[in-house]
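Quantities reported herein were computed from a predicted structural model and do not represent experimental measurements.
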Amino acid sequence: MLTREDLAAIGAMMDEKLNAVRTEVGVLMDEKLEPVKADMAEMKADIAEMKEDIVGIKEDITGIEERVTGIEERVTGIEERVTGIEERVTGIEERVTGIEERVTGIEERVTGIEERVTGIEERVTGIE
């Protein structure tokens, strides 16, 4: 039968073995976790770099949006000027049409006058 001393010795050996196993498990875990820790550190660095890239991209987008807004404003101004020019052209075309109508009226009156002059000339020639 086992005595208390034997049980105490067995307990001490078990504690020693358990401590040895704990130490070995700790070493193995450290060995296995080191690459994971290194990967995580690398991922953190990559994420930080990506964040910087995103900030740069956001700034680029903001700059592009501002340029697009400026271009849109200039296009609006150009459209307004084109509309003004079109309105002036329409006014000029209406005036030209009016002038053409007056010229046609003058031509008709001149033709009428020429016909009267011809008639007068014929009468004068007939009187002579």
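Distance check, rounded to the nearest 0.5 Å: CD of E24 to CE of M29 gives 13.5 Å. We find the CG-CG distance between D39 and L33 to be 11.5 Å, quoted to the nearest 0.5 Å. Remark: M50 CE to M43 CE distance equals 10.0 Å, nearest 0.5 Å. A distance of 12.0 Å separates OG1 of T62 from CD1 of I57, quoted to the nearest 0.5 Å. Note that the CD1 atom of I61 and the CD1 atom of I54 stand 10.0 Å from one another [nearest 0.5 Å]. The NZ atom of K32 sits 14.5 Å away from atom NZ of K37, with the distance rounded to the nearest 0.5 Å.
The only option from E101, R102, E108 that meets the side-chain contact (heavy atoms from CB on, under 4.5 Å) definition with T104 turns out to be E108.
M14 and L7 fall within the same hydrophobic cluster, defined by Ile, Leu, Val, Met, Phe, Trp and Tyr side-chain heavy atoms under 4.5 Å apart, directly or through other members.
Side-chain contact check for V96 versus E93: every heavy-atom pair is 4.5 Å or farther apart.
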